[in-house]
Amino acid sequence: MVLSLKETVLAAILVLLIGRGLTHLFGVLRRYNIPQPVSGGLFASLMALLAYELWGLQLQFDMSLRDALLLAFFTTIGLSARLDALTRGGRPLMVLMLFCVGGVILQNLVGLSMAHVTGLEPAEGLLLGSVSLFGGHGTSVAWASVFEQRFGIDNALEIGIGSATLGLIMGGIVGGPMAQRLIERHGLKSAEPVLDTHPTSEKPRRRVSSQEMFVVLMYVSAGMILGGLLSDWAETQGVNIPEFLACMLVGMVMTNTLPRLLPRLESPSEGQALPLLSEVSLGLFLSMSLMGMQLWTLIDLALPMILAVAAQVLAMTLMVRFALFPMLGRSYDSAVLCAGYMGMGLGALPNAMANMNALVGRYGAAPLAFMILPLANAFFVDLANALVLQLTVNSLQP
């Protein structure tokens, strides 16, 4: 059964709303910070699996809009990366950024090793590495087409999403208890009292004006066009740069140069328009991608995937416990940052913030941790992951 573009968009929006309802109904989804498009998309794909097994029905969606949403999202990521924000974090931020690169490399080495042990292809090992773990669901979907085209892995999307979901859950389970042991074993204390990290009264958000949205749309559209040109030019030079990565790089250059060259031009990172557009584009992109997953292709990969994610959790735990924590200074903030790093490296930023929130609610405030981890995530994780993956994928190609 083939659905038109209009029907596909409607289905994607319904999947988002279903995900919102599921998150409201089931506390476990909130506890592990499963994104609403992911919970809705997995629900839809499970229904599709049921329809396939019972009646042989297979839905086909018009995904022509999905590529544009992908490019828009990664352009917004680039536009959010302000270089001047890096100076605020100091040495701990530099250490955290170094371990972002190290974590990406470690995950890919573990993924390749587990692929060899379990008999998978090396490229499938990368999908069980930083593509799905440091990258999360968004990067898994973004790179799926690359692995399909270059390595012929038809179920690359399903492998990446399955691994990302397992990693998201494990990041929430492991991060907090590990940091708690560090705090109690070393007798670490916060310099400030216990905080209520969920105050009942929040500052009202400023409304997004049409002018702000038009400015952001201008930047995003320009970034998508220039990113496409950069990707095409790189291909003529014999270098494979995925278009979404090129758009992210162009966005970074634009947001850090144009406000200085044209000071009267509004910056895209001011106000709420940029994060709003980023959230909308990512939500629709994920829901459109996940609702079309063919879960029946994952049956033979369930055990290798579980073993690979377990190995990744062990490797990350050892690295954080015996390398990151000492290099951050063995302080209370260091322990809280370790919990956040585990949540970020195995899942996503919301997972990281939830891990840290749980700790500060019990042991006291950690202002440095809450300042630098979002900076590292916003500015460096996606870029480091994309560049390392690009080099690794090129090295695997025959």
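In this chain, residues are counted from 1 in sequence order.
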Kindly give the cluster partners of V117, where membership spreads through any ILVMFWY side chain lying under 4.5 Å from a current member.
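None; V117 is a cluster of one.
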Quick one: name the residues clustered hydrophobically with L10, using the 4.5 Å side-chain heavy-atom rule over I, L, V, M, F, W, Y, and just say none if it's on its own.
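Via sub-4.5 Å side-chain contacts, L10 links to L14.
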R20: partners by side chain to side chain contact (heavy atoms under 4.5 Å, CB included), with sequence neighbours left out:
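By the side chain to side chain contact (heavy atoms under 4.5 Å, CB included) rule, R20 matches Q36.
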According to side chain to side chain contact (heavy atoms under 4.5 Å, CB included), who are the partners of I225, at least two apart in sequence or on a separate chain?
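If we apply the side chain to side chain contact (heavy atoms under 4.5 Å, CB included) test to I225, skipping adjacent residues, the hits are L229.
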Applying ring-ring contact (aromatic ring centres under 6.0 Å, His included), can you list everything that pairs with F99, at least two apart in sequence or on another chain?
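For F99 there are no ring-ring contact (aromatic ring centres under 6.0 Å, His included) partners, ignoring immediate neighbours.
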Taking only residues two or more places apart in sequence, or in another chain, which ones meet H24 in a ring-ring contact (aromatic ring centres under 6.0 Å, His included)?
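Checked H24 against ring-ring contact (aromatic ring centres under 6.0 Å, His included); zero matches.
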Can you list everything that forms a side chain to side chain donor-acceptor pair (under 3.5 Å) with D62? Sequence neighbours excluded, please.
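Side chain to side chain donor-acceptor pair (under 3.5 Å) list for D62, sorted by chain: S64.
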Is there any ring-ring contact (aromatic ring centres under 6.0 Å, His included) pair reaching into residues 302-339, and which pairs are they, with sequence neighbours excluded?
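Every pair satisfying ring-ring contact (aromatic ring centres under 6.0 Å, His included) with a residue in residues 302-339: H186-F325.
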Taking ring-ring contact (aromatic ring centres under 6.0 Å, His included) as the cut-off, I'd like each qualifying pair that reaches into residues 107-136, sequence neighbours left out, listed once.
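Checked against ring-ring contact (aromatic ring centres under 6.0 Å, His included) - neighbours excluded - the pairs reaching residues 107-136 are F134-Y341.
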Residues in salt bridge (Lys or Arg N to Asp or Glu O under 4.0 Å) with E121, at least two apart?
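Expected list: none.
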May I ask you to decide if the ring planes of F147 and F151 are parallel, tilted or perpendicular, using 30° and 60° as cut-offs?
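Judged by the thresholds at 30° and 60°, the geometry between F147 and F151 is tilted.
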Minimum-distance pair of heavy atoms, taken over all atoms of S331 and S334:
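Between these two residues, the closest heavy atoms are OG-OG, 2.8 Å.
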Donor-acceptor under 3.5 Å (S287 side chain, L284 main chain)
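Here the side-chain-to-backbone pair exists.
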Under the side chain to side chain donor-acceptor pair (under 3.5 Å) rule, what pairs show up with a residue in residues 307-326, not counting sequence neighbours?
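Non-adjacent pairs meeting side chain to side chain donor-acceptor pair (under 3.5 Å): zero.
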Do L70 and E243 have side-chain heavy atoms sitting under 4.5 Å apart?
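Not touching, per the 4.5 Å side-chain cut-off.
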Side chains of T8 and L65: does their closest heavy-atom pair fall under 4.5 Å?
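T8 does not reach L65 side chain to side chain.
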Mind jotting down which residue pairs meet the salt bridge (Lys or Arg N to Asp or Glu O under 4.0 Å) criterion with at least one end in residues 169-188? Sequence neighbours excluded, please.
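Those involving residues 169-188 are E184-R362.
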